[in-house]
Amino acid sequence: MNRAWILCRRELGSYFSTPLAYVFIVIFLLMSNLFTFSLGGFYEVGQADLLPFFTYHPWLYLFLIPAIGMRLWAEERKSGTIELLLTLPLRLGEAVLGKFLAAWLFTGIALALTFPIWLTVNFLGEPDNGVVVASYLGSWLMAGAFLAIGSCMSAVSANQVVAFILSLVTCFVFVVSGFPLVLDFFESWAPVALVDAIAALSFITHFNAISRGVLDLSDLLFFVLMISGWLLATAIVIELKKSQAA
Amino acid sequence: MIEVDNLHKSFGAFEAVKGVSFRLQPGEVLGFIGPNGAGKSTTMKMMAGFLAPTLGTVSMFGQDVWAEPLAAKAAIGYLPEGAPAYGDMRTLAFLKFIAAVRGIPKSRRAAAVDAMVAALELEKLLSKRIEQLSKGFKRRVALAQALIHDPRVLILDEPTDGLDPNQKHQVRRLIQNLSDDKIVIISTHILEEVSALCSRVIVIAGGQLVADATPAELAARSVYHGAVRVRCADPRVPTARLAQLPGVERVEWDAAGEFLVVVPTPGKTLLGEVKQCLDQAGIQAEEMYVEQGHLDDVFRSLTHTDSVEAA
């Protein structure tokens, strides 16, 4: 566990050693504000809450998180450092976790930097800050789930562009699976249990529940399981891929 | 002790390594040679615990690399092919990171890094990003990474590849100066390196071990082992008479046309006879010596026949 943390610190350091991290944070902040104020109608709604801000997070993450996740393992494979990393005395699980944690903390930093909007809403009215905290937590958990998918896809392909597209597509499936449009399509022929299962897989369903301020254990568990499952898949894919490349 | 037992590795239908076994004792420096694609790197990757063998085992001092990976990996220092390192890190930060993951206690970490910096002359590189370093410097940083925890086993995949002669010399000296209780495994394409560094040579071809001997024993398998080389500008040199001496296989000129090479039938020594023959002819040789044999020519005969068989 300690070794995973050492690795995490190295990774996090390397994010900030290139301008890429700063560019990412700037884009994230610009986009989230753009969504909040123009699409979300933050002022027009006239309510002192951050719903217009959080509503668009799944869409924002859909494009931005795969961009972070794509380099996680693809770069290690491409540069050959994976051989160095995996011959150090650390478990594969620690390596997967350490790298994921670094990326997750990085998105956490980007998310935390949106605090001015929280200050704004507190200045303008009296929002339910408990709901805001829950929403931030939910958003960060959801980012983790997106990232875990990205981690797995990045292990699938040493090409970062391919990894980006694969995770974008996979994340998209998990986002839209809760949409009425998609569910209607299944409802016409599939059994109710299946439709419910598909709806339950949607990030949006669980995220919306949390961002309404309902901290249900099942929603938290959903994201935790998503993250664990995709990280486990990452480790399996890495193990498989190692034996393929001659 | 390292025990490599019946190691196999397949990539899909392709069998890269087919049943390699050997044992190494502390103090041995093993040279791993073989043509490209012979399975050297794959074998080393399995020994270092990166690739899982399809069949067979590797154990380091009694610890199986795959059953107890952490303990086995802790005993190993590994320089992968191409000497990869995190390019976005600075040298000092990289070495500190490796020392930390390697579990060197905080109190001794700085000393371990300093020792590597001194041994590999990295002083000027400490604050540079690894991606900005030249090939030779990068290789040295990667070597430092492999040595920092003073491992009992060193696995170096082509440690001098791409270095200039001075850098090669430096890396060789470093390997020679390692303490006597280590086990060192080096793969290389440079056969002189094997003679200069290794106490033992293993030749791999087509995924199989085709020779396991000391460099001298291997050289002795050369047809040129015991051959007498004579430098002589005199045109009257009695080539025909030399060729008829007992125990002479053939007489030939070397590629540059400078030396006359008298090749013996295996196991014969000829120096006395050749000298006598030249004296009788009244010819003064400018230079004359007995060859130990050519490793490259043994290498070719060992690995060539094998590739023909495989084809």
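Being a predicted model, the structure only gives us computed values, none of them experimental. We name chains A, B, ... by the order of the sequence lines, and we start the count at 1 in each one.
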### Query
Which is it for Arg3(A) and Leu70(B) under the side-chain contact (heavy atoms from CB on, under 4.5 Å) test, yes or no, and what are the steps along the way?
CA-CA 12 Å; Arg3(A) 290 179 296 244; Leu70(B) 293 190; 3.5 Å; yes

Please round to the nearest 0.5 Å and tell me the distance separating atom [atom1] of [X] and atom [atom2] of [Y].
{"X": "Glu131(B)", "Y": "Thr18(A)", "atom1": "CD", "atom2": "OG1", "value": "9.0 Å"}
{"X": "Phe94(B)", "Y": "Thr81(A)", "atom1": "CZ", "atom2": "OG1", "value": "9.0 Å"}
{"X": "Tyr86(B)", "Y": "Leu85(A)", "atom1": "OH", "atom2": "CG", "value": "4.0 Å"}
{"X": "Lys45(B)", "Y": "Glu83(A)", "atom1": "NZ", "atom2": "CD", "value": "4.5 Å"}
{"X": "Glu11(A)", "Y": "Phe97(B)", "atom1": "CD", "atom2": "CZ", "value": "7.5 Å"}
{"X": "Arg10(A)", "Y": "Asp88(B)", "atom1": "CZ", "atom2": "CG", "value": "5.5 Å"}

Where is the tightest heavy-atom contact between [X] and [Y], given as atom of each residue plus distance?
{"X": "Trp66(B)", "Y": "Lys242(A)", "result": "CH2-NZ, 4.5 Å"}
{"X": "Gly80(A)", "Y": "Pro84(B)", "result": "O-CG, 3.3 Å"}
{"X": "Ala100(B)", "Y": "Ile6(A)", "result": "O-CD1, 3.5 Å"}
{"X": "Arg102(B)", "Y": "Leu88(A)", "result": "NE-CD2, 3.6 Å"}

### Query
Side chain, backbone, both or neither: which part of Arg91(A) has a heavy atom under 4.5 Å from chain B?
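Answer is both: backbone and side chain atoms of Arg91(A) are under 4.5 Å from chain B.
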
### Query
Using non-hydrogen atoms only, which part of Ile82(A) is less than 4.5 Å away from chain B: side chain, backbone, both, or neither?
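Both backbone and side chain.
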
Distance-only criterion, 3.5 Å: show the donor-acceptor pairs between side-chain atoms of residues 106-117 of chain B and protein atoms not counting sequence neighbours.
from: Arg109(B); atom 1: NE; to: Ile104(B); atom 2: O; distance (Å): 2.9
from: Arg109(B); atom 1: NH2; to: Ile104(B); atom 2: O; distance (Å): 3.4

Quick check on [X]: does its [atom1] atom have over 12 non-hydrogen neighbours (other residues, nucleotides or ligands) under 6.0 Å away?
{"X": "Lys96(B)", "atom1": "NZ", "value": "no"}
{"X": "Lys128(B)", "atom1": "NZ", "value": "no"}
{"X": "Leu20(A)", "atom1": "CG", "value": "no"}
{"X": "Phe37(A)", "atom1": "CZ", "value": "yes"}

So what's closer than 4.5 Å to chain A heavy atoms on [X]: side chain, backbone, both or neither?
{"X": "Ala16(B)", "value": "neither"}
{"X": "Pro69(B)", "value": "neither"}
{"X": "Leu79(B)", "value": "neither"}

#### Entry: Any Arg129(B) side-chain heavy atom under 4.5 Å of Ser17(A) side chain
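Yes - at least one pair of side-chain heavy atoms lies under 4.5 Å apart.
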
### Query
Can you find a pair of side-chain heavy atoms, one from Leu7(A) and one from Val101(B), that are under 4.5 Å apart?
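Side-chain contact under 4.5 Å: no.
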
### Query
For Leu86(A), does its backbone N or O pair with a side-chain atom of Lys73(B) as donor and acceptor, under 3.5 Å?
yes

